[in-house]
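Working notes for the structure below.
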Protein chains: 2
Amino acid sequence: MNLHLHYICNMKYSELKQSLKNHKLRITDCRMDVLEYFQQQKKALSFRDLEYKFQEYDRVTLYRTLHSFEENGLLHKIPGDSGSAVYGLCNDCGVEAHHHNHMHFKCDTCGTTECIDVPVEIPTISLPKNYKMTDMDVIVNGICNHCNSN
Amino acid sequence: MNLHLHYICNMKYSELKQSLKNHKLRITDCRMDVLEYFQQQKKALSFRDLEYKFQEYDRVTLYRTLHSFEENGLLHKIPGDSGSAVYGLCNDCGVEAHHHNHMHFKCDTCGTTECIDVPVEIPTISLPKNYKMTDMDVIVNGICNHCNSN
DNA sequence: ATGTAATCTGCAATGAATTTGCATTTACAT
DNA sequence: ATGTAAATGCAAATTCATTGCAGATTACAT
């Protein structure tokens with residue numbers, strides 16, 4: 001039984017390692033621990049969450065871990081309410097469409113963010129069982145009107 | 001001609017004033033100037049933009065102006081990349097649906113953010129002429145699975 | 001017009017979040 | 001095993017945002 005658990009545990013460990021390698025990241029204790037935690041939690045985590053969980057690592061190291069993960073495509077940043085962004089593991093999410101509140105366009109070239117007026121209803125995003133939507137932020141990145149015509 | 005311009009200008013001024021009144025905000029120089037600037041720019045502005053433009057006002061006043069505008073529904077906050085949110089004038093935007101990249105659900109009750117996997121294609125958002133989308137952030141707020149079943 | 005109460009502004013100080021520089025340690029390709 | 005490039009920890013510096021308070025300004029009723 002213990003053997004079994006250990007076996008599973010080792011598997012996970014090697015998977016984590018492989019995951020780091022796949023993203024061209026060196027294997028370090030901090031990165032392994034943080035990645036494992038993301039895997040276990042299955043939800044987006046904030047810097048605070050990590051800081052609390054991993055007091056054995058320096059704040060700066062955790063910041064840099066998040067940055068390296070983001071840079072190498074292991075994590076993506078989710079824009080947060082008030083400047084305190086949270087991070088979630090990248091995986092393929094299929095989505096539908098829906099009702100909405102805001103719709104913004106941010107130009108990759110000039111950096112301008114505009115509120116886009118499109119006089120059309122957005123189809124309904126189908127959420128999983130038991131989820132209820134109150135409101136929604138849609139941010140589209142790309143090339144704007146102006147930058148595209150140059 | 002000058003008279004004409006002045007007339008137009010006055011109209012705008014009174015409109016701005018009315019807009020503030022409609023949102024139950026007192027008429028002050030700072031608010032008038034900031035609101036006017038938003039009207040003119042027709043795009044989302046960051047705090048930095050305002051700070052640069054209105055050096056005659058104290059930073060704190062500008063922060064408070066943005067907050068009061070947001071609180072009274074004159075502006076809405078658009079979550080930004082790296083904690084530096086930008087603000088845009090509220091107006092009715094109609095939208096369609098589309099292709100996607102990320103889709104996140106943030107629970108209003110427990111605060112948890114999850115990456116939602118919905119195995120469905122997102123319809124295509126129809127952007128205005130000359131806009132090209134490279135990627136997209138969808139953040140849905142509401143009540144999650146877990147909190148909803150209590 | 002004028003007085004009063006409520007609120008806004010500027011300033012200074014505080015507090016929180018994030019980044020940088022540098023010396024030391026660690027990972028990993030040879 | 002060993003050298004090089006990269007990661008870590010610590011201290012300090014930056015940046016970003018909020019708070020308290022005194023004086024100025026606004027809305028409103030008289």
Side-chain angles (χ1 to χ4, degrees), chain A residues 13-14 16-38 44-87 111, chain B residues 13-14 16-37 44-87 111 113:
Chain A
Y13 176 77
S14 68
L16 292 173
K17 233 169 114 174
Q18 193 53 49
S19 186
L20 288 177
K21 281 186 182 173
N22 290 343
H23 290 271
K24 305 207 188 299
L25 287 163
R26 289 194 172 195
I27 316 303
T28 70
D29 290 353
C30 183
R31 286 177 179 166
M32 288 292 286
D33 286 346
V34 169
L35 180 55
E36 183 182 33
Y37 191 49
F38 269 103
L45 301 171
S46 65
F47 174 77
R48 282 272 130 246
D49 294 332
L50 295 182
E51 188 186 19
Y52 174 76
K53 172 73 180 177
F54 297 109
Q55 310 199 356
E56 67 263 40
Y57 297 116
D58 193 278
R59 272 192 200 81
V60 179
T61 300
L62 293 173
Y63 274 119
R64 290 195 269 227
T65 297
L66 285 176
H67 289 160
S68 68
F69 280 12
E70 194 189 351
E71 203 146 276
N72 293 36
L74 203 49
L75 292 178
H76 57 266
K77 190 182 267 189
I78 306 165
D81 284 349
S82 52
S84 61
V86 291
Y87 297 76
Chain B
Y13 175 78
S14 69
L16 292 173
K17 233 169 113 172
Q18 193 53 48
S19 187
L20 287 177
K21 281 185 181 171
N22 289 342
H23 290 270
K24 305 205 187 302
L25 288 162
R26 290 192 169 196
I27 315 301
T28 70
D29 290 352
C30 183
R31 286 175 181 172
M32 288 292 285
D33 287 345
V34 169
L35 180 54
E36 182 182 34
Y37 191 49
L45 301 170
S46 65
F47 174 78
R48 287 263 138 245
D49 295 333
L50 296 182
E51 188 185 19
Y52 174 76
K53 171 74 179 177
F54 297 109
Q55 310 198 355
E56 67 263 40
Y57 297 116
D58 193 278
R59 272 190 200 83
V60 179
T61 301
L62 293 173
Y63 274 119
R64 289 195 270 227
T65 298
L66 285 176
H67 290 160
S68 68
F69 280 13
E70 194 189 349
E71 202 146 276
N72 291 36
L74 204 49
L75 293 178
H76 58 264
K77 189 183 270 190
I78 306 166
D81 283 349
S82 51
S84 61
V86 292
Y87 297 76
T113 300

**Study point:** Residues in side-chain hydrogen bond (donor to acceptor under 3.5 Å, both in side chains) contact with A:R59, at least two apart in sequence or another chain
**Key:** A:E51
Practice item. Step by step, work out the side-chain contact (heavy atoms from CB on, under 4.5 Å) result for B:S68 and B:H23. Key: CA-CA 10 Å; B:S68 68; B:H23 290 270; over 6 Å; no
**Study point:** A:F69-A:F38 aromatic ring centre distance below 6.0 Å
**Key:** no
What pairs of nitrogen or oxygen atoms, one from the protein and one from nucleotides 24-30 of chain D, lie under 3.5 Å apart?
residue: D:dT26; atom: O2; partner: B:R26; partner atom: NH1; Å: 2.7
residue: D:dA27; atom: OP1; partner: B:I27; partner atom: N; Å: 3.1

What is the distance from [atom1] of [X] to [atom2] of [N], rounded to the nearest Å?
X	N	atom1	atom2	answer
A:E56	D:dC10	CD	C1'	17 Å
A:K17	C:dA27	NZ	P	11 Å
B:E51	D:dT15	CD	P	11 Å
B:E71	C:dT7	CD	C1'	13 Å
A:Y57	C:dT26	OH	C1'	13 Å
B:L20	C:dT7	CG	P	16 Å
A:R31	C:dA27	CZ	P	11 Å
B:L62	D:dA17	CG	P	12 Å

Review point. Do A:C30 and A:V34 come close enough that some side-chain heavy atom pair is under 4.5 Å?
Key: yes
Point to revise | Contacts of type ring-ring contact (aromatic ring centres under 6.0 Å, His included), residue B:Y57, not counting sequence neighbours | key: none
Review point. What closest approach, in Å, do B:A44 and B:D49 show between heavy atoms, and which atom pair accounts for it?
Key: O-OD2, 4.4 Å
Study note, to complete from the structure: Side-chain atoms of B:F47 come closest, of D:dG9, C:dC8, D:dA17, to D:dA17
Check your understanding: Between B:M32 and B:Y13, does a side-chain contact (heavy atoms from CB on, under 4.5 Å) hold up when you go through it step by step?
Key -> CA-CA 8 Å; B:M32 288 292 285; B:Y13 175 78; 3.1 Å; yes
Exercise for review: Compute the bend angle of the helix from C:dA1-D:dT30 to C:dT30-D:dA1 from the end axes (five pairs per end), rounded to 10°.
Suggested key: 40°
Practice item. Hey, could you give me the NE2/CG distance between B:H67 and B:L75, rounded to the nearest 0.5 Å? Key: 11.0 Å
Review point. Between atom CG of A:L74 and atom CZ of A:R31, what is the distance when rounded to the nearest 0.5 Å?
Key: 10.0 Å
For nucleotides 18-20 of chain D, print each protein N/O atom paired with a nucleotide N/O atom at under 3.5 Å, atom names and distance only.
residue: D:dT18; atom: OP2; partner: B:H67; partner atom: NE2; Å: 3.3

Check your understanding: Partners of A:N22 by side-chain contact (heavy atoms from CB on, under 4.5 Å), sequence neighbours excluded?
Key -> A:Q18
Review point. Going through the distances and angles, do A:R26 and A:L20 end up as a side-chain contact (heavy atoms from CB on, under 4.5 Å)?
Key: CA-CA 7 Å; A:R26 289 194 172 195; A:L20 288 177; over 6 Å; no
